[in-house]
Amino acid sequence: MMLVTALMAVTFIGCSSDDPKQTPAPPTPPPTPEEPVTPPAPTADSYNELYRPQIHFTPARNWMNDPNGMVYADGVYHLFYQYNPQGNSWGNMSWGHATSTDMIHWTEQAVALTRDALGDIFSGSAVIDHDNTAGFGADAMVAFYTSASEAGQQQSMAYSTDGGKNFTRYTANPIIKNNDDRQRDPKVFWHADSKQWIMSLAKGWSKGIEFFGSTDMKTWNKLSTFVVELPGRPEIQWECPDLIQFGNKWVLIVSVNPGGPILGSGTMYFVGQFDGKEFKADALDYPLWLDYGMDNYAGVTWSNTGNRKLLIGWMNNWSYAGDVPCSPWRSAMTLPRELKLTEFAGKPLLCCPVVSEIDKIASQWQEVSTEALPLDTQKSAYQLRLTVNTDKNTTITLSNSSEEKFVIDIYAATRTLAAKRSGATGKTFGTFSIPSMQAPLNVEGKDVIIDLFVDQSSIEILTKDGAMSMTNLVFPKSIYDHLFINGNASAQLRNLTRIW
Ligand code: FRU
């Protein structure tokens with residue numbers, strides 16, 4: 001995996017625009033809709049493989065990373081994503097496409113955008129142009145992405161007038177040319193107060209987020225740059241920004257790699273103000289983390305969802321993503337989350353509970369005691385709700401008949417939680433077997449509710465209302481179906497029916 005990151009750094013991210021070896025960008029392709037690349041048809045055995053997530057989106061086959069172009073239109077959630085149509089490792093970067101009416105059940109669609117003369121299709125976003133500001137038609141779906149090639153990283157645009165089935169590339173791409181900042185991952189939204197589209201762009205190894213403004217999506221003016229030095233984290237890339245308004249506050253989400261909360265990838269956020277030109281962060285102790293686990297990266301929100309701020313992340317970590325033992329697919333998305341800006345201990349806190357739509361696949365709650373869990377089927381998933389008395393320390397252990405274990409310690413004195421997956425699997429690739437992940441509980445009161453969303457190869461741990469989130473991959477030979485509580489906690493379980 002380090003190879004992939006290194007390759008990206010050298011091939012795309014490391015090329016400056018004054019590199020003498022660099023060839024000029026070839027002419028842009030003609031404005032014809034492209035022939036879609038159809039995903040393989042699911043077979044009876046699809047989605048049954050060892051480790052295959054049952055309640056998380058995965059493509060039927062091949063490599064996936066960041067969520068891209070997330071937009072809600074006509075009752076449909078579109079999820080585009082970084083995809084290799086030709087294999088199970090990072091490369092040939094394209095936009096895969098899946099759709100859903102509830103963010104839980106997904107249908108894989110034809111691949112939306114593949115490499116063109118300007119390069120691979122890196123991460124980006126999509127919006128609905130209700131007022132036809134770009135002239136592609138009222139309600140056109142307009143996608144923004146990074147064209148990545150040896151010539152550098154430039155920002156491009158494509159549009160669809162048939163609900164995301166076919167895209168036409170804008171003839172005058174790139175809309176923002178490569179420059180020394182080598183930005184990427186354009187995230188666009190309409191800023192009503194300043195009556196313009198705002199694009200956030202990450203500067204990768206150069207660190208920082210640049211903001212651009214446009215009234216027609218074609219001509220973009222640089223507005224400002226935001227950067228904060230993060231002590232102890234000198235060598236990091238800033239990626240996948242998202243600037244989101246919560247009432248009178250703004251939150252800027254930025255993924256960093258390496259330099260996450262433990263090691264490898266992580267998603268931080270800043271809280272402050274945006275005036276249509278500049279983002280100014282409140283004086284807080286940064287970084288603040290959206291998730292304290294190893295596997296929630298590159299998450300951004302859907303556009304066109306009104307007041308709901310809905311995020312999905314890539315459930316993986318660049319420090320080992322290329323080695324996770326999944327085939328014929330590689331990588332899943334997190335469960336979708338609804339972002340809420342609250343306060344805890346007098347400071348802003350970005351909560352990310354799982355969306356309420358999860359109830360659609362949930363059975364009734366049942367009380368469970370320790371030992372065997374009442375699972376519907378081994379090829380499914382479940383939610384375990386623990387009510388933990390924090391007067392004393394408690395240890396929760398999930399295990400299976402292969403004696404693989406996932407252990408969670410809740411510490412009374414510090415009101416923190418630590419998860420250990422080192423005994424979770426025989427798999428010890430790369431940095432996967434780090435000793436533990438730690439997080440503050442971020443909730444008050446003696447009894448703390450902790451939800452575990454347990455799938456075939458992941459556990460998402462959340463305290464009440466998503467005040468603390470810790471997302472981790474695990475690779476047990478079969479789903480954990482035994483529970484042991486050492487301390488003071490009661491448990492309830494509800495089965496979550498597979499989505500495939
Ligand atoms: C984040 C990222 C993005 C880039 C994409 C390439 O994981 O590095 O910055 O656009 O992946 O696949």
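Hydrogens, waters and symmetry mates play no part in the numbers below; they use all other heavy atoms, side chains included. Numbering of ligands and ligand atoms starts at 1, following listing order.
Checked by distance only, ligand 1 and Y297 stay at 3.5 Å or farther apart across all their nitrogen or oxygen atoms.
A donor-acceptor pair shorter than 3.5 Å can be found between the side chains of Q109 and T99. Side-chain polar atoms of D216 and S214 form a donor-acceptor pair below 3.5 angstrom. N62 and N84 are not linked by any side-chain donor-acceptor pair at a separation below 3.5 angstrom, with hydrogens and angles left out of the test. The closest side-chain donor-acceptor pair between Y320 and D295 falls under 3.5 angstrom. A side-chain N or O of S156 and one of S147 form a donor-acceptor pair less than 3.5 Å apart. Between N304 and W302, the side chains place no donor N or O within less than 3.5 Å of an acceptor N or O (distance only, hydrogens not considered).
Of the options N68, D185, I121, the smallest heavy-atom separation from atom 4 (C) of ligand 1 is shown by D185.
Close approach to D66 involves these atoms of ligand 1, each under 4.0 Å from a residue heavy atom: 1 (C), 2 (C), 3 (C), 5 (C), 7 (O), 11 (O). Near S123, meaning under 4.0 Å from any of its heavy atoms, are these atoms of ligand 1: 5 (C), 10 (O). Listed by number with element, the atoms of ligand 1 under 4.0 Å from a non-hydrogen atom of E239 are 1 (C), 2 (C), 7 (O), 8 (O), 9 (O). Within ligand 1, the atoms closer than 4.0 Å to a non-hydrogen atom of Q82 are 5 (C), 6 (C), 12 (O), numbered from 1 in the order shown.
The residue W314 has no part lying near ligand 1, judged by heavy-atom distances below 4.0 Å. Under 4.0 Å from ligand 1, the heavy atoms of N65 that appear belong solely to its side chain.
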